[in-house]
2 protein chains.
Amino acid sequence: MSQEPIPFNQLKSLLHASGRRMTPQRVLVFNILRGSGNHLDAKRIWQLAREHDRRLNLATIYRTLAVLKEIGLVDQRYFARDHKREIYELAQKPEHYHFTCLGCGQVIEFETAHILQVGRELVEQYGLRLTNTCVCFEGFCVECTDEIVMMEGVK
Amino acid sequence: MSQEPIPFNQLKSLLHASGRRMTPQRVLVFNILRGSGNHLDAKRIWQLAREHDRRLNLATIYRTLAVLKEIGLVDQRYFARDHKREIYELAQKPEHYHFTCLGCGQVIEFETAHILQVGRELVEQYGLRLTNTCVCFEGFCVECTDEIVMMEGVK
DNA sequence: GGTATTATTGCGACACATTTGCAATAAGGA
DNA sequence: TCCTTATTGCAAATGTGTCGCAATAATACC
Ligand SMILES: [Mn+2]
Ligand SMILES: [Mn+2]
Ligand SMILES: [Zn+2]
Ligand SMILES: [Zn+2]
């Protein structure tokens, strides 16, 4: 009778199906990703998680994220700003890409068919098998561009 | 009488034009990038450079690469394999993108107009100003795919 | 060419995200 | 409930890139 799949059970079955165990830590991290909407790094997830479990260790966050990624519930990405930090988000949305504003830090998500098209061409022309694609843009959003223009004018 | 521009003088003038000095270290790093063809990380450049100057420090490599990037002679990229390592290459080729094989490690360069098209759409639709784009693909090349298929067959 | 100015270097220490070894803990199947 | 072993917490380790600073050396100027 339930209209939508219950992600909690989905988590459980995916874990068990891969010989893993369902732990409070994993449920917690998964729920944080589900609730918080968007784009968190490991440390931020850790901060949020510690509000529920003071004891939870950052290493566990990393290991949990790796598991959630492996069973396909979570996507790990790199954003433009600094490519040295891993960003995580729930793997539920349709294929999309990201732009990061260097001024205000906001991330804009967008869809486009062009990237998939590039992949298709790679497969055709080189016979490659793609397993992962990283695409990200950075620059300045409208507001931040305006702000910069204004400050230039003041000078 | 010389048919092609001499990059050495180009380096010198670009450095001086930006109030910088031409040092043996900078020439060395630039020449390594020119000679070695392709896609080196800082440590690799350092190893190659130390064959000419035992004393050269890794920090100098990083600082030099930052300078060469700033004056537009070198591009810094991130490749798929591990996205935390900065990769450098001469900024002479036409706009191109990269695929990394997870099997043999080879990097395949390719051109496509689709990425620029995505940028154009972003500018139009959101009024964004782009300053940087990171695009990279990973997967398996034909040879490595075949090899994997064979090993599967053996099992 | 000699000299003064100051950009650049070498070096060690630092920063920071992520990983790893290991003993203690706790899922979950029997 | 008990047993096996996956998982955790903790501390230490990695790995890449950065920084401060005193010593060095490239350049502008004479
Ligand atoms: Mn997203
Ligand atoms: Mn290239
Ligand atoms: Zn902005
Ligand atoms: Zn290959």
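So you know, we letter chains A, B, ... as the sequences are listed, proteins then strands, and number each from 1. These numbers come from the heavy atoms of this one structure, side chains and all, not from hydrogens, waters or symmetry mates.
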Below 4.0 Å: OP1/OP2 of D:dT18 and any side-chain N or O of B:Y62: no
DNA chain D: 5'-proximal contact among B:K12 and B:E86 (nearest heavy atom): B:E86
Shortest non-hydrogen contact from B:R26 toward B:R21: NH1-O, 2.7 Å
Whole-Å distance separating the CE atom of A:M22 from the P atom of C:dA26: 17 Å
Five-pair end axes of the helix from C:dG1-D:dC30 to C:dA30-D:dT1, angle between them (10°): 40°
Qualifying residues under side-chain contact (heavy atoms from CB on, under 4.5 Å), relative to B:R120, sequence neighbours excluded: B:L116, B:Q117
Length of the line joining A:I61:CD1 and C:dT19:P, which is rounded to integer Å: 13 Å
Sugar-phosphate only, base, or nothing, as touched by B:R20 at under 4.0 Å among non-hydrogen atoms: sugar-phosphate
Non-neighbouring partners of B:E86 that pass salt bridge (charged side-chain N to carboxylate O under 4.0 Å, His left out), sequence neighbours left out: A:K84
Test item: A:H96 side-chain N/O and A:P94 main-chain N/O as donor-acceptor pair under 3.5 Å: yes
Separation of C:dA7 C1' from B:E70 CD (nearest whole Å): 14 Å
Atom pair distance, as rounded to whole Å: CG in B:D53 and P in D:dT24: 15 Å
Lys/Arg-Asp/Glu bridge criterion (N-O < 4.0 Å) met for B:R34, B:E89: no
Integer-rounded Å distance: C:dT18 P and A:K69 NZ: 11 Å
Sequence neighbours excluded - ring-ring contact (aromatic ring centres under 6.0 Å, His included) pairs with any residue from residues 46-66 of chain A: none
Sugar-phosphate only, base, or nothing, as touched by B:L58 at under 4.0 Å among non-hydrogen atoms: nothing
Under 3.5 Å between N/O atoms: give me all the protein pairs with nucleotides 12-16 of chain C, atom names plus distance.
none

Side chain B:T64, main chain B:T60, donor-acceptor under 3.5 Å: yes
Rounded distance (Å) that lies between atom P of C:dT9 and atom CH2 of B:W46: 16 Å
Side chain B:S13, main chain B:Q10, donor-acceptor under 3.5 Å: yes
Donor-acceptor side-chain pairing of B:E95 and B:Y97 below 3.5 angstrom: yes
Inter-residue atom distance B:H83.NE2 - B:C136.SG, 0.5 Å rounding: 3.5 Å
Whole angstrom value for the distance that separates P of D:dG17 from CD1 of B:I45: 10 Å
5′-ward residue of the pair B:T60/A:R63 relative to DNA chain C: B:T60
Whichever of A:Y78 and B:R54 has its nearest DNA chain C nucleotide further upstream toward 5': B:R54
Mutual orientation of the aromatic rings belonging to B:H98 and B:H39 [parallel < 30°, tilted 30-60°, perpendicular > 60°]: perpendicular
Neighbours of DNA chain D within residues 23-32 of chain A, by heavy-atom distance under 4.0 Å: A:T23, A:Q25, A:R26
Donor + acceptor pair across side chains of A:S18, A:R20 (<3.5 Å): yes
Integer-rounded Å distance: C:dT18 P and A:R44 CZ: 15 Å
Side-chain donor/acceptor of A:R21 to base of C:dG29, under 3.5 Å: no
